[in-house]
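Okay, structure first, notes after.
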Amino acid sequence: MLDANRSGTATAAPPAAAEELPLVLPAPVNFAARCTRVLLSPWSRLALLVALLAAAGASVLLFEPQRLMTRGWPPQIEGTTAVVIFAVAYGLITVAFVPRPFLNLAAGALFGSALGMGAAMAGTLLGAWLSFALGRMLGQEALRPLLRGRLLKAADHQFSRHGFRSMLAVRLFPGVPFWAANYAAAVSRMRYAPYLLATGLGSIPNVAAYVVAGARASTPTSPVFLISVAAIVIPAVAGAVVAWRKRHHLRAK
C-alpha cells in the first residue's frame, strides 16, 4: 500500500510484523509415568524374577518338604484333597529348583502307583507352566541379548526352531535339570503349546519309573521295583551318551 508524504512522492508502507508462532514445549513427564517406565523395564522385571525365585527357595528351606518321606502325609488331609494339595505343592516347589526325582518318589510312597502318577504328572505340568510363564514375562527380554556364546546360541536355535522335538528329547533323556530346561525354553522363542505338549509326553516314562519305585520301595527285591530302577538308570546312561556325542555338533554351530 502506498502512502503520500509531504513532498508528494509515494512511499511503501512498512510490512506488517510477522505473526509470532507459539513455542510448543514437550509435555513434562510426570513422576508416576517415569516410575512405571522403570518398573516395567526388562532389568526390573528380571530383578523381580530373581527375588521371587529366591523367596521360593527360602520357603522350601524353611518348610522342608523332604520331611514327607520320613513323616508321611498329615493324617487330617486324605483322599482326593491330599492328592490335589500335593500336586499344587509339587508344581510350586519345582519352580524353586527342588529336584523332581525326590518329589516323584514321594508321590509313589504316599499315594501308590496310580494316584501318585496322577499327582506327579499334574505337578510336573503345573511347575513347567509356572516356570515358563515367569521366565517369559519377567526374564526373556533382558536375557536374550546375553546369548552370545556359540553353545548358548546353538541351544537357543534348537529351542526356537525345533521346540517340540528339542523339549521332548530333553524330557525323555534325564540329566538336564527340570528348572534349567524350563527357563531356557522361556528365554527362547518357543511357543507355549509345543512346550507343554512335549513336557507332558516326555515326562511320562521318567515320572512313572520314579513313582513306581517309590510305591515299591518297601520291597526292593521285587521284579516291579527292579524294573522301575532299570527304567531310571538306562535312560540316564543313554542321555549321557547322546549328550557326549552331540557336544561337537552344538559347538560347531
Side-chain angles (χ1 to χ4, degrees), residues 52-135 167 170-172 174 176-183 192 195-236:
L52 288 175
L53 295 180
S59 299
V60 169
L61 294 176
L62 178 63
F63 293 107
E64 298 180 351
Q66 66 271 16
R67 290 182 297 177
L68 290 174
M69 291 293 290
T70 57
R71 301 182 184 181
W73 192 258
Q76 61 271 25
I77 305 175
E78 57 184 8
T80 305
T81 303
V83 175
V84 172
I85 292 176
F86 181 88
V88 173
Y90 184 119
L92 292 176
I93 62 180
T94 53
V95 177
F97 316 132
V98 174
R100 284 173 59 251
F102 156 75
L103 297 173
N104 295 331
L105 290 170
L110 294 173
F111 305 113
S113 298
L115 288 178
M117 182 68 183
M121 283 303 303
T124 295
L125 290 173
L126 176 61
W129 176 78
L130 285 174
S131 300
F132 190 87
L134 286 173
M167 183 54 60
V170 168
R171 301 306 191 195
L172 283 173
V176 179
F178 184 70
W179 60 268
N182 294 341
Y183 292 115
Y192 276 86
Y195 166 78
L196 290 176
L197 182 59
T199 295
L201 293 176
S203 298
I204 290 174
N206 186 258
V207 169
Y210 276 100
V211 169
V212 172
R216 299 301 182 97
S218 59
T219 55
T221 58
S222 65
V224 175
F225 179 81
L226 295 177
I227 292 172
S228 65
V229 171
I232 295 171
V233 174
I234 293 174

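Keep in mind that this is a model prediction, so the values were computed, not measured. The first residue in the sequence is number 1, and the count goes up from there.
- From F132, atom CZ reaches atom CG of L196 across 7.5 Å, with rounding to the nearest 0.5 Å.
- Across A119 and V83, no two heavy atoms sit closer than the pair CB-CG1, 3.7 Å.
- V95 has its side chain within reach of Y183: a pair of non-hydrogen atoms, C-beta onward, lies under 4.5 Å apart.
- Looking only at side-chain heavy atoms (C-beta outward), R100 and V207 come within less than 4.5 Å of each other.
- Rounding to the nearest 0.5 Å gives a distance of 8.5 Å between CG of L201 and CG of L172.
- We find the CG-OH distance between L197 and Y192 to be 16.0 Å, quoted to the nearest 0.5 Å.
- The aromatic rings of F111 and F86 lie perpendicular to each other, with more than 60° between the two planes, well past the 30° mark.
- Remark: side-chain polar atoms of S131 are not paired, donor with acceptor, to backbone N or O of A128 under 3.5 angstrom.
- Taken from CD1 in I85 to OG1 in T80, the straight-line distance is 11.0 Å, to the nearest 0.5 Å.
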Inset, instruction - Evaluate the criterion side chain to side chain donor-acceptor pair (under 3.5 Å) for residue pair R171 and S203; output intermediate values, then yes/no. - result: CA-CA 5 Å; R171 301 306 191 195; S203 298; 4.6 Å; no

Legend entry - CA sep, side-chain torsions, deciding dist, call: Y210, L105, side-chain contact (heavy atoms from CB on, under 4.5 Å): CA-CA 5 Å; Y210 276 100; L105 290 170; 3.9 Å; yes

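- When all heavy atoms of V211 and S113 are compared, the closest pair comes out as CG1-O, 3.6 Å.
- Taking all atoms of both residues into account, the shortest heavy-atom contact from T221 to L226 is O-CD1, 3.9 Å.
- Within the 4.5 Å cutoff, side-chain heavy atoms of T124 are placed close to those of Y90.
- M117 places a side-chain heavy atom less than 4.5 Å from the side chain of I204.
- The shortest heavy-atom contact between A120 and A107 is CB-CB, 4.2 Å.
- To the nearest 0.5 Å, atom CG of residue L130 and atom CD1 of residue I93 are 12.0 Å apart.
- Annotation for V176 and A181: closest pair CG1-CB, 4.1 Å, computed over non-hydrogen atoms.
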